[in-house]
Amino acid sequence: MLLTLFAVACIVFGVAYKFYGDFQSKVYGLDDSRKTPAQTMNDGMDYVPAHPAVLLGHHFASIAGAGPVVGPIAAAAMFGWLPAYIWILIGCVFFGGVHDMGAIVASLRHKGLSIGEVINQWIGPKAKRLFLIFTWLALTLVIAVFLELATQTFVADPAVAFSACLYMVMAMIFGVVIYKHNVSLKVATVVMLPILFGSLVFGSDSAWVQNVFKLDAGTWRIFLVIYIFAASVMPVWLLLQPRDYLASYLLYASLIIGGVGMLFGGSNFEVKLPAFTGIVSKSGEYIWPLLFVTVACGAISGFHSLVGSGTTSKQIGRESDAVPVGYGAMLIEGVVGVIALGTLMMTGVMDKGGPTVVYANGLGHFADMMGIPHKLGVSFALLALNSFILTSLDTATRLARYQLQEFTDMKLGKYAATGIGVAIALALVFVKAGNTPVWALIWPVFGASNQLVAAMALLALGVWVKRDLKKDNKFIMYPMYFMLITTVVALVQLIVTSLNKPIIAVISAMLLVLAIMLCKEAMAALKKLED
(Lines give C-alpha, C1' and ligand atoms only; values in the text may rest on other atoms or scores of the structure.)
Protein backbone atom coordinates (compact mmCIF):
# COMPACT_ATOMS: atom_id res chain seq x y z
CA MET A 1 0.00 0.00 0.00
CA LEU A 2 2.77 2.46 0.92
CA LEU A 3 4.56 1.72 -2.37
CA THR A 4 1.38 2.30 -4.38
CA LEU A 5 0.51 5.57 -2.68
CA PHE A 6 4.03 6.93 -3.07
CA ALA A 7 4.38 5.83 -6.71
CA VAL A 8 0.99 7.26 -7.70
CA ALA A 9 1.82 10.57 -6.02
CA CYS A 10 5.16 10.84 -7.81
CA ILE A 11 3.55 10.05 -11.18
CA VAL A 12 0.70 12.55 -10.64
CA PHE A 13 3.11 15.28 -9.58
CA GLY A 14 5.50 14.53 -12.44
CA VAL A 15 2.75 14.71 -15.06
CA ALA A 16 1.30 17.85 -13.47
CA TYR A 17 4.70 19.56 -13.44
CA LYS A 18 5.15 18.94 -17.16
CA PHE A 19 1.68 19.73 -18.47
CA TYR A 20 0.05 22.06 -15.92
CA GLY A 21 3.34 23.85 -15.36
CA ASP A 22 3.62 24.44 -19.13
CA PHE A 23 0.00 25.61 -19.24
CA GLN A 24 0.63 28.25 -16.59
CA SER A 25 3.85 29.33 -18.29
CA LYS A 26 1.88 30.05 -21.46
CA VAL A 27 -0.84 31.94 -19.58
CA TYR A 28 1.75 34.18 -17.92
CA GLY A 29 3.88 34.45 -21.07
CA LEU A 30 7.12 33.64 -19.26
CA ASP A 31 10.02 35.01 -21.27
CA ASP A 32 13.68 34.74 -20.31
CA SER A 33 14.53 37.72 -22.49
CA ARG A 34 12.49 39.90 -20.12
CA LYS A 35 14.74 41.13 -17.32
CA THR A 36 13.67 40.32 -13.78
CA PRO A 37 13.74 42.70 -10.78
CA ALA A 38 16.79 40.82 -9.47
CA GLN A 39 18.63 42.02 -12.59
CA THR A 40 17.24 45.52 -13.00
CA MET A 41 17.19 46.37 -9.28
CA ASN A 42 20.20 44.40 -8.02
CA ASP A 43 21.22 46.14 -4.78
CA GLY A 44 23.35 43.42 -3.20
CA MET A 45 20.96 43.36 -0.24
CA ASP A 46 17.46 42.09 -1.10
CA TYR A 47 17.54 41.98 -4.90
CA VAL A 48 20.25 39.46 -5.84
CA PRO A 49 20.07 37.00 -8.79
CA ALA A 50 20.52 33.45 -7.50
CA HIS A 51 21.41 30.14 -9.10
CA PRO A 52 18.14 28.20 -9.65
CA ALA A 53 19.34 25.35 -7.41
CA VAL A 54 20.19 27.76 -4.61
CA LEU A 55 16.90 29.59 -4.99
CA LEU A 56 14.90 26.34 -5.07
CA GLY A 57 16.62 25.34 -1.84
CA HIS A 58 15.84 28.69 -0.23
CA HIS A 59 12.23 28.74 -1.35
CA PHE A 60 11.55 25.08 -0.58
CA ALA A 61 13.09 25.34 2.88
CA SER A 62 11.18 28.54 3.60
CA ILE A 63 7.73 27.28 2.62
CA ALA A 64 8.11 23.79 4.10
CA GLY A 65 8.60 24.37 7.81
CA ALA A 66 6.85 21.69 9.82
CA GLY A 67 3.58 22.24 7.93
CA PRO A 68 3.66 19.36 5.40
CA VAL A 69 4.45 16.97 8.27
CA VAL A 70 2.13 18.21 11.02
CA GLY A 71 -0.91 19.04 8.85
CA PRO A 72 -1.35 15.75 6.93
CA ILE A 73 -0.67 13.61 10.02
CA ALA A 74 -3.14 15.57 12.16
CA ALA A 75 -5.82 15.41 9.45
CA ALA A 76 -5.29 11.70 8.79
CA ALA A 77 -5.54 10.94 12.51
CA MET A 78 -9.02 12.53 12.51
CA PHE A 79 -10.50 11.27 9.24
CA GLY A 80 -8.26 8.46 7.94
CA TRP A 81 -5.41 8.55 5.43
CA LEU A 82 -7.47 8.54 2.20
CA PRO A 83 -9.12 12.01 2.44
CA ALA A 84 -5.79 13.60 3.40
CA TYR A 85 -4.01 11.78 0.55
CA ILE A 86 -6.56 12.82 -2.08
CA TRP A 87 -6.50 16.45 -0.91
CA ILE A 88 -2.68 16.52 -0.97
CA LEU A 89 -2.68 15.39 -4.62
CA ILE A 90 -5.50 17.66 -5.80
CA GLY A 91 -4.47 20.55 -3.58
CA CYS A 92 -0.81 20.63 -4.63
CA VAL A 93 -1.56 20.35 -8.36
CA PHE A 94 -4.54 22.67 -8.77
CA PHE A 95 -4.50 24.87 -5.66
CA GLY A 96 -1.13 25.26 -3.92
CA GLY A 97 1.03 25.03 -7.03
CA VAL A 98 -1.10 27.58 -8.88
CA HIS A 99 -1.10 29.85 -5.83
CA ASP A 100 2.67 29.67 -5.31
CA MET A 101 3.77 30.03 -8.92
CA GLY A 102 1.26 32.79 -9.58
CA ALA A 103 2.46 34.79 -6.57
CA ILE A 104 6.05 34.65 -7.80
CA VAL A 105 5.23 35.63 -11.37
CA ALA A 106 2.91 38.43 -10.31
CA SER A 107 5.63 39.79 -8.04
CA LEU A 108 8.18 39.59 -10.88
CA ARG A 109 5.91 41.79 -12.98
CA HIS A 110 5.50 44.29 -10.10
CA LYS A 111 9.14 45.13 -9.26
CA GLY A 112 9.54 42.17 -6.92
CA LEU A 113 7.05 43.64 -4.46
CA SER A 114 4.51 41.63 -2.49
CA ILE A 115 0.99 40.54 -3.34
CA GLY A 116 0.00 43.75 -1.56
CA GLU A 117 1.35 45.75 -4.50
CA VAL A 118 -0.55 43.56 -6.97
CA ILE A 119 -3.69 44.30 -4.96
CA ASN A 120 -2.82 48.00 -4.93
CA GLN A 121 -2.54 48.26 -8.73
CA TRP A 122 -5.43 46.04 -9.77
CA ILE A 123 -7.91 46.25 -6.89
CA GLY A 124 -7.04 49.46 -5.05
CA PRO A 125 -4.91 51.12 -2.35
CA LYS A 126 -7.52 50.57 0.36
CA ALA A 127 -7.46 46.81 -0.27
CA LYS A 128 -3.67 46.85 -0.25
CA ARG A 129 -3.48 48.42 3.19
CA LEU A 130 -6.03 45.98 4.59
CA PHE A 131 -4.05 43.07 3.18
CA LEU A 132 -0.67 44.31 4.43
CA ILE A 133 -1.95 45.00 7.95
CA PHE A 134 -3.38 41.53 8.23
CA THR A 135 -0.39 39.69 6.74
CA TRP A 136 2.06 41.65 8.90
CA LEU A 137 0.14 40.74 12.06
CA ALA A 138 -0.02 37.11 10.90
CA LEU A 139 3.73 37.08 10.31
CA THR A 140 4.48 38.44 13.79
CA LEU A 141 2.41 35.57 15.19
CA VAL A 142 4.42 33.11 13.10
CA ILE A 143 7.64 34.63 14.43
CA ALA A 144 6.44 34.29 18.01
CA VAL A 145 5.31 30.67 17.63
CA PHE A 146 8.32 29.46 15.67
CA LEU A 147 10.64 31.26 18.06
CA GLU A 148 9.18 29.18 20.88
CA LEU A 149 9.24 25.95 18.86
CA ALA A 150 12.87 26.47 17.88
CA THR A 151 13.77 27.29 21.49
CA GLN A 152 12.13 24.08 22.69
CA THR A 153 14.02 21.90 20.20
CA PHE A 154 17.33 23.54 21.17
CA VAL A 155 16.64 22.89 24.85
CA ALA A 156 15.53 19.31 24.20
CA ASP A 157 18.58 18.20 22.20
CA PRO A 158 22.01 19.89 22.48
CA ALA A 159 23.17 18.01 19.36
CA VAL A 160 20.43 19.69 17.31
CA ALA A 161 21.38 23.09 18.77
CA PHE A 162 25.05 22.48 17.95
CA SER A 163 24.31 21.45 14.35
CA ALA A 164 21.96 24.38 13.81
CA CYS A 165 24.49 26.88 15.15
CA LEU A 166 27.29 25.34 13.09
CA TYR A 167 25.54 25.70 9.79
CA MET A 168 24.59 29.30 10.54
CA VAL A 169 28.33 29.97 10.49
CA MET A 170 28.83 27.66 7.51
CA ALA A 171 26.13 29.52 5.60
CA MET A 172 27.98 32.83 5.86
CA ILE A 173 31.22 31.18 4.76
CA PHE A 174 29.33 29.56 1.90
CA GLY A 175 27.86 32.90 0.82
CA VAL A 176 31.23 34.65 0.85
CA VAL A 177 33.09 31.99 -1.14
CA ILE A 178 30.30 31.73 -3.73
CA TYR A 179 29.52 35.40 -4.29
CA LYS A 180 32.80 37.12 -3.43
CA HIS A 181 35.41 34.54 -4.43
CA ASN A 182 33.53 32.88 -7.31
CA VAL A 183 33.98 29.35 -5.99
CA SER A 184 31.91 26.79 -7.92
CA LEU A 185 28.52 26.06 -6.37
CA LYS A 186 29.14 22.32 -6.79
CA VAL A 187 32.54 22.47 -5.09
CA ALA A 188 31.26 24.53 -2.17
CA THR A 189 28.27 22.22 -1.75
CA VAL A 190 30.40 19.06 -1.81
CA VAL A 191 32.68 20.54 0.89
CA MET A 192 29.93 21.88 3.14
CA LEU A 193 27.41 19.03 3.15
CA PRO A 194 29.62 16.37 4.81
CA ILE A 195 30.35 18.87 7.60
CA LEU A 196 26.64 19.60 7.98
CA PHE A 197 25.60 15.94 8.18
CA GLY A 198 28.64 14.94 10.20
CA SER A 199 27.90 17.56 12.84
CA LEU A 200 24.80 15.63 13.95
CA VAL A 201 26.74 12.39 14.40
CA PHE A 202 29.51 14.25 16.25
CA GLY A 203 27.07 16.18 18.42
CA SER A 204 25.15 13.06 19.43
CA ASP A 205 28.28 11.34 20.76
CA SER A 206 30.26 14.33 22.05
CA ALA A 207 30.24 15.03 25.79
CA TRP A 208 31.57 18.52 25.01
CA VAL A 209 28.57 19.32 22.82
CA GLN A 210 26.15 17.86 25.35
CA ASN A 211 27.60 20.10 28.07
CA VAL A 212 28.37 23.35 26.23
CA PHE A 213 25.13 23.48 24.24
CA LYS A 214 22.87 22.46 27.11
CA LEU A 215 21.44 25.91 27.83
CA ASP A 216 18.17 27.12 29.29
CA ALA A 217 15.24 28.40 27.24
CA GLY A 218 15.88 32.05 28.10
CA THR A 219 19.44 31.92 26.75
CA TRP A 220 18.43 30.21 23.52
CA ARG A 221 15.55 32.64 23.06
CA ILE A 222 17.95 35.61 23.23
CA PHE A 223 20.32 33.88 20.81
CA LEU A 224 17.51 33.24 18.31
CA VAL A 225 16.23 36.82 18.52
CA ILE A 226 19.71 38.08 17.64
CA TYR A 227 19.90 35.56 14.80
CA ILE A 228 16.57 36.43 13.18
CA PHE A 229 17.28 40.16 13.45
CA ALA A 230 20.61 39.63 11.68
CA ALA A 231 19.02 37.38 9.06
CA SER A 232 16.48 40.10 8.29
CA VAL A 233 18.89 43.01 7.84
CA MET A 234 21.99 41.32 6.41
CA PRO A 235 22.39 40.91 2.63
CA VAL A 236 20.27 37.98 1.50
CA TRP A 237 23.28 36.25 -0.11
CA LEU A 238 25.30 36.29 3.11
CA LEU A 239 23.09 34.38 5.54
CA LEU A 240 19.45 33.78 4.65
CA GLN A 241 19.86 32.37 1.14
CA PRO A 242 22.86 30.06 1.74
CA ARG A 243 21.52 28.83 5.10
CA ASP A 244 18.23 27.90 3.51
CA TYR A 245 20.04 26.27 0.59
CA LEU A 246 22.15 24.10 2.88
CA ALA A 247 19.14 23.33 5.06
CA SER A 248 17.20 22.13 2.03
CA TYR A 249 19.61 19.20 1.69
CA LEU A 250 18.44 17.96 5.06
CA LEU A 251 14.93 17.76 3.66
CA TYR A 252 16.16 16.24 0.40
CA ALA A 253 17.92 13.57 2.45
CA SER A 254 14.79 12.94 4.49
CA LEU A 255 12.87 12.64 1.21
CA ILE A 256 15.32 9.97 0.03
CA ILE A 257 15.03 8.04 3.29
CA GLY A 258 11.25 8.38 3.28
CA GLY A 259 11.01 7.51 -0.42
CA VAL A 260 13.10 4.35 0.00
CA GLY A 261 10.97 3.37 2.98
CA MET A 262 7.71 3.95 1.10
CA LEU A 263 8.89 2.11 -2.03
CA PHE A 264 10.63 -0.88 -0.49
CA GLY A 265 9.20 -1.05 3.01
CA GLY A 266 5.59 -1.78 2.13
CA SER A 267 6.00 -5.50 2.81
CA ASN A 268 7.77 -4.80 6.10
CA PHE A 269 5.27 -2.37 7.59
CA GLU A 270 1.62 -3.18 8.13
CA VAL A 271 -0.87 -0.38 7.47
CA LYS A 272 -2.69 0.12 10.75
CA LEU A 273 -4.51 3.39 10.04
CA PRO A 274 -8.03 3.16 8.55
CA ALA A 275 -8.45 4.67 5.10
CA PHE A 276 -11.59 6.55 6.13
CA THR A 277 -13.18 6.95 9.55
CA GLY A 278 -16.21 9.02 8.56
CA ILE A 279 -17.17 12.60 7.82
CA VAL A 280 -17.25 13.45 11.53
CA SER A 281 -14.19 13.19 13.77
CA LYS A 282 -14.25 11.72 17.26
CA SER A 283 -14.37 15.25 18.64
CA GLY A 284 -17.49 15.98 16.59
CA GLU A 285 -15.94 18.15 13.85
CA TYR A 286 -16.95 17.74 10.20
CA ILE A 287 -14.45 16.82 7.51
CA TRP A 288 -15.33 20.03 5.67
CA PRO A 289 -13.98 22.57 6.34
CA LEU A 290 -11.61 21.09 8.97
CA LEU A 291 -9.60 18.82 6.66
CA PHE A 292 -8.78 21.65 4.26
CA VAL A 293 -7.70 24.01 7.02
CA THR A 294 -5.69 21.36 8.87
CA VAL A 295 -3.63 19.92 5.99
CA ALA A 296 -2.65 23.51 5.11
CA CYS A 297 0.98 23.56 3.81
CA GLY A 298 0.60 20.01 2.52
CA ALA A 299 -1.80 21.28 -0.17
CA ILE A 300 -2.01 25.11 -0.09
CA SER A 301 -0.84 27.80 2.31
CA GLY A 302 -1.14 31.56 2.25
CA PHE A 303 2.30 31.86 3.84
CA HIS A 304 3.76 30.55 0.57
CA SER A 305 2.51 33.56 -1.39
CA LEU A 306 4.21 35.85 1.11
CA VAL A 307 7.49 33.96 0.66
CA GLY A 308 7.17 33.80 -3.12
CA SER A 309 6.34 37.49 -3.52
CA GLY A 310 8.65 38.48 -0.65
CA THR A 311 12.14 36.98 -0.75
CA THR A 312 11.95 34.56 -3.71
CA SER A 313 10.85 36.93 -6.47
CA LYS A 314 13.70 39.28 -5.62
CA GLN A 315 16.24 36.55 -6.40
CA ILE A 316 14.94 35.02 -9.65
CA GLY A 317 17.35 35.58 -12.52
CA ARG A 318 15.11 34.16 -15.28
CA GLU A 319 11.34 34.16 -15.55
CA SER A 320 11.27 30.47 -16.49
CA ASP A 321 12.76 29.64 -13.07
CA ALA A 322 9.32 30.42 -11.61
CA VAL A 323 8.16 26.99 -12.78
CA PRO A 324 10.63 24.78 -10.82
CA VAL A 325 10.89 27.20 -7.91
CA GLY A 326 7.20 28.03 -7.59
CA TYR A 327 5.25 25.10 -8.98
CA GLY A 328 7.96 22.46 -8.49
CA ALA A 329 8.66 23.26 -4.84
CA MET A 330 4.96 22.91 -3.98
CA LEU A 331 4.82 19.50 -5.64
CA ILE A 332 7.91 18.38 -3.72
CA GLU A 333 6.20 19.54 -0.56
CA GLY A 334 3.32 17.29 -1.52
CA VAL A 335 5.75 14.35 -1.60
CA VAL A 336 6.80 15.26 1.95
CA GLY A 337 3.13 15.21 2.96
CA VAL A 338 2.63 11.75 1.47
CA ILE A 339 5.68 10.40 3.32
CA ALA A 340 4.35 11.95 6.53
CA LEU A 341 1.07 10.11 5.95
CA GLY A 342 3.05 6.89 5.54
CA THR A 343 4.68 7.29 8.95
CA LEU A 344 1.25 7.53 10.62
CA MET A 345 -0.17 4.65 8.59
CA MET A 346 2.48 2.36 10.10
CA THR A 347 1.54 3.16 13.69
CA GLY A 348 -2.18 3.76 13.31
CA VAL A 349 -2.30 6.06 16.32
CA MET A 350 -0.85 9.41 17.29
CA ASP A 351 2.26 8.94 19.43
CA LYS A 352 2.76 10.90 22.61
CA GLY A 353 4.49 14.06 21.49
CA GLY A 354 2.31 14.59 18.43
CA PRO A 355 2.90 14.55 14.66
CA THR A 356 6.60 15.45 14.84
CA VAL A 357 7.33 12.39 16.99
CA VAL A 358 5.25 10.18 14.66
CA TYR A 359 7.24 11.46 11.69
CA ALA A 360 10.61 11.13 13.41
CA ASN A 361 9.94 7.57 14.57
CA GLY A 362 8.62 6.61 11.14
CA LEU A 363 11.70 8.00 9.42
CA GLY A 364 13.79 6.12 11.98
CA HIS A 365 12.14 2.86 10.86
CA PHE A 366 12.74 3.73 7.22
CA ALA A 367 16.38 4.53 8.03
CA ASP A 368 16.78 1.06 9.55
CA MET A 369 16.15 -0.38 6.09
CA MET A 370 19.16 1.56 4.76
CA GLY A 371 21.48 0.40 7.53
CA ILE A 372 21.22 3.64 9.48
CA PRO A 373 20.71 3.13 13.24
CA HIS A 374 17.13 3.86 14.27
CA LYS A 375 18.21 6.37 16.93
CA LEU A 376 20.34 8.31 14.46
CA GLY A 377 17.47 8.29 11.96
CA VAL A 378 15.12 9.76 14.56
CA SER A 379 17.67 12.44 15.50
CA PHE A 380 18.19 13.28 11.84
CA ALA A 381 14.44 13.66 11.28
CA LEU A 382 14.18 15.99 14.28
CA LEU A 383 17.16 18.04 13.04
CA ALA A 384 15.53 18.36 9.61
CA LEU A 385 12.28 19.56 11.18
CA ASN A 386 14.16 21.96 13.43
CA SER A 387 16.07 23.38 10.49
CA PHE A 388 12.83 24.15 8.67
CA ILE A 389 11.29 25.72 11.73
CA LEU A 390 14.35 27.99 11.81
CA THR A 391 14.08 28.63 8.09
CA SER A 392 10.44 29.66 8.36
CA LEU A 393 11.36 31.76 11.39
CA ASP A 394 14.10 33.78 9.71
CA THR A 395 12.16 34.12 6.46
CA ALA A 396 9.02 35.27 8.31
CA THR A 397 11.08 37.95 10.08
CA ARG A 398 12.41 39.30 6.78
CA LEU A 399 8.94 39.13 5.22
CA ALA A 400 7.45 41.08 8.12
CA ARG A 401 10.11 43.71 7.48
CA TYR A 402 9.14 43.88 3.79
CA GLN A 403 5.43 44.13 4.58
CA LEU A 404 5.88 46.96 7.05
CA GLN A 405 8.19 48.85 4.69
CA GLU A 406 5.69 48.52 1.84
CA PHE A 407 2.89 49.70 4.14
CA THR A 408 4.88 52.85 4.94
CA ASP A 409 5.84 53.34 1.25
CA MET A 410 9.45 52.42 2.10
CA LYS A 411 9.77 55.33 4.54
CA LEU A 412 10.69 52.96 7.37
CA GLY A 413 14.28 51.66 7.40
CA LYS A 414 15.13 47.97 7.55
CA TYR A 415 16.42 48.13 11.14
CA ALA A 416 13.33 49.90 12.46
CA ALA A 417 10.92 47.70 10.49
CA THR A 418 12.65 44.54 11.71
CA GLY A 419 12.84 45.80 15.29
CA ILE A 420 9.11 46.59 15.42
CA GLY A 421 8.17 43.15 14.11
CA VAL A 422 10.47 41.32 16.52
CA ALA A 423 9.30 43.45 19.45
CA ILE A 424 5.63 42.60 18.75
CA ALA A 425 6.52 38.92 18.46
CA LEU A 426 8.35 39.00 21.79
CA ALA A 427 5.34 40.69 23.38
CA LEU A 428 3.19 37.77 22.17
CA VAL A 429 5.68 35.40 23.79
CA PHE A 430 6.08 37.11 27.16
CA VAL A 431 2.69 38.76 27.76
CA LYS A 432 0.28 36.33 29.38
CA ALA A 433 -3.44 36.10 30.00
CA GLY A 434 -3.48 34.21 33.27
CA ASN A 435 -0.83 31.55 32.83
CA THR A 436 -1.14 31.32 29.04
CA PRO A 437 1.06 33.34 26.63
CA VAL A 438 -0.95 35.49 24.22
CA TRP A 439 0.45 33.63 21.19
CA ALA A 440 -0.94 30.34 22.51
CA LEU A 441 -4.37 31.92 22.96
CA ILE A 442 -4.64 33.22 19.40
CA TRP A 443 -2.72 30.42 17.61
CA PRO A 444 -5.94 28.42 16.93
CA VAL A 445 -6.98 31.24 14.59
CA PHE A 446 -3.83 30.88 12.48
CA GLY A 447 -4.99 27.86 10.47
CA ALA A 448 -8.03 29.66 9.14
CA SER A 449 -6.21 32.99 8.78
CA ASN A 450 -3.41 31.34 6.80
CA GLN A 451 -5.90 29.83 4.36
CA LEU A 452 -7.69 33.17 4.17
CA VAL A 453 -4.42 34.72 2.99
CA ALA A 454 -4.28 32.01 0.31
CA ALA A 455 -7.80 32.87 -0.83
CA MET A 456 -7.00 36.59 -0.91
CA ALA A 457 -3.76 35.98 -2.82
CA LEU A 458 -5.63 33.88 -5.39
CA LEU A 459 -8.25 36.62 -5.65
CA ALA A 460 -5.54 39.20 -6.36
CA LEU A 461 -3.93 36.91 -8.96
CA GLY A 462 -7.27 36.33 -10.64
CA VAL A 463 -7.98 40.05 -10.94
CA TRP A 464 -4.45 40.69 -12.26
CA VAL A 465 -4.65 37.94 -14.89
CA LYS A 466 -8.04 39.21 -16.06
CA ARG A 467 -7.35 42.95 -16.01
CA ASP A 468 -3.69 43.13 -16.99
CA LEU A 469 -2.90 39.96 -18.96
CA LYS A 470 -6.40 39.80 -20.51
CA LYS A 471 -6.40 36.03 -20.04
CA ASP A 472 -8.97 33.52 -18.80
CA ASN A 473 -8.59 33.37 -15.00
CA LYS A 474 -10.85 30.40 -14.22
CA PHE A 475 -7.90 28.17 -13.25
CA ILE A 476 -7.22 30.67 -10.45
CA MET A 477 -10.75 31.73 -9.55
CA TYR A 478 -12.21 28.26 -9.02
CA PRO A 479 -9.59 27.39 -6.35
CA MET A 480 -10.12 30.87 -4.89
CA TYR A 481 -13.88 30.38 -4.50
CA PHE A 482 -13.37 27.03 -2.78
CA MET A 483 -10.74 28.36 -0.37
CA LEU A 484 -12.75 31.50 0.39
CA ILE A 485 -15.96 29.62 1.18
CA THR A 486 -14.06 27.00 3.18
CA THR A 487 -12.24 29.64 5.21
CA VAL A 488 -15.38 31.66 5.90
CA VAL A 489 -17.19 28.57 7.17
CA ALA A 490 -14.18 27.63 9.32
CA LEU A 491 -14.08 31.11 10.83
CA VAL A 492 -17.80 31.11 11.55
CA GLN A 493 -17.44 27.75 13.31
CA LEU A 494 -14.47 29.12 15.26
CA ILE A 495 -16.51 32.13 16.40
CA VAL A 496 -19.41 29.94 17.53
CA THR A 497 -17.17 27.52 19.46
CA SER A 498 -15.06 30.31 20.99
CA LEU A 499 -17.75 32.52 22.51
CA ASN A 500 -16.19 31.80 25.90
CA LYS A 501 -12.83 32.99 24.54
CA PRO A 502 -13.49 36.57 23.43
CA ILE A 503 -10.03 37.18 21.96
CA ILE A 504 -10.41 34.31 19.46
CA ALA A 505 -13.99 35.25 18.58
CA VAL A 506 -13.06 38.90 18.03
CA ILE A 507 -10.02 38.11 15.85
CA SER A 508 -12.05 35.61 13.80
CA ALA A 509 -14.78 38.21 13.28
CA MET A 510 -12.17 40.76 12.18
CA LEU A 511 -10.85 38.28 9.62
CA LEU A 512 -14.34 37.77 8.26
CA VAL A 513 -14.79 41.52 7.87
CA LEU A 514 -11.41 41.73 6.12
CA ALA A 515 -12.40 39.00 3.67
CA ILE A 516 -15.72 40.65 2.89
CA MET A 517 -14.12 44.07 2.35
CA LEU A 518 -11.39 42.70 0.09
CA CYS A 519 -13.89 40.68 -1.93
CA LYS A 520 -16.08 43.73 -2.34
CA GLU A 521 -13.13 45.77 -3.63
CA ALA A 522 -12.06 42.96 -5.99
CA MET A 523 -15.54 42.45 -7.42
CA ALA A 524 -15.78 46.20 -8.04
CA ALA A 525 -12.47 46.08 -9.89
CA LEU A 526 -13.65 43.20 -12.08
CA LYS A 527 -16.94 44.96 -12.76
CA LYS A 528 -15.06 47.99 -14.08
CA LEU A 529 -13.39 45.68 -16.60
CA GLU A 530 -16.74 44.29 -17.73
CA ASP A 531 -18.21 47.79 -18.04
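- The aromatic rings of Phe213 and Trp208 lie perpendicular to each other, with more than 60° between the two planes, well past the 30° mark.
- No donor-acceptor pair closer than 3.5 Å links the side chain of Arg401 to the backbone N or O of Gly421.
- Taking the salt bridge (charged side-chain N to carboxylate O under 4.0 Å, His left out) definition, one finds that Asp22 meets it with Lys18, sequence neighbours left out.
- The aromatic ring centres of Phe197 and Tyr249 sit 6.0 Å or more apart.
- In this structure a side-chain-to-backbone donor-acceptor pair under 3.5 Å is missing from Gln152 to Leu149.
- Side-chain contact between Leu458 and Ile300: present, with at least one pair of heavy atoms (C-beta onward) separated by less than 4.5 Å.
- For Trp439 and Phe446, the ring centers sit 6.0 Å or farther from each other.
- Remark: side-chain polar atoms of Tyr402 are not paired, donor with acceptor, to backbone N or O of Ser114 under 3.5 angstrom.
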Pairs of donor and acceptor atoms involving the side chains of residues 385-392, under 3.5 Å and at least two apart or interchain, shall be tabulated with distances.
residue: Asn386; atom: ND2; partner: Thr153; partner atom: OG1; Å: 2.4
residue: Ser387; atom: OG; partner: Ala384; partner atom: O; Å: 2.6
residue: Thr391; atom: OG1; partner: Arg243; partner atom: NH2; Å: 2.6
residue: Thr391; atom: OG1; partner: Ser387; partner atom: O; Å: 2.7
residue: Ser392; atom: OG; partner: Ser62; partner atom: O; Å: 3.2
residue: Ser392; atom: OG; partner: Phe388; partner atom: O; Å: 3.1

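- Ring-centre distance between Tyr20 and Phe94: below the 6.0 Å cut-off.
- Without hydrogens or angle criteria, Ser232 side chain to Thr418 main chain gives no donor-acceptor distance under 3.5 Å.
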> Can you check ring-ring contact (aromatic ring centres under 6.0 Å, His included) on Tyr252 and Phe60, steps first, answer last?
Replying inline: CA-CA 10 Å; Tyr252 296 149; Phe60 181 37; 5.8 Å; yes

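- Nearest heavy atoms, Ala161 versus Trp220: CB-CZ2, 3.6 Å.
- Defined by atom type and a distance below 3.5 Å, a donor-acceptor pair is present between the side-chain atoms of Thr189 and Tyr245.
- Ring-plane geometry between His304 and His99 is classed as tilted, the angle between the planes lying from 30 to 60 degrees on a 0 to 90 degree scale.
- Among pairs with a residue in residues 104-115, those fulfilling salt bridge (charged side-chain N to carboxylate O under 4.0 Å, His left out) read Arg109-Glu319, at least two apart in sequence or across chains.
- In plain terms, the two heavy atoms of Ala53 and Leu185 that are nearest each other are CB-CD2, 4.4 Å.
- When atom types are taken as modelled, the side chain of Ser163 and the backbone of Val160 share no donor-acceptor pair closer than 3.5 angstrom.
- Between Phe223 and Phe154, the two ring planes are tilted [angle within 30° to 60°].
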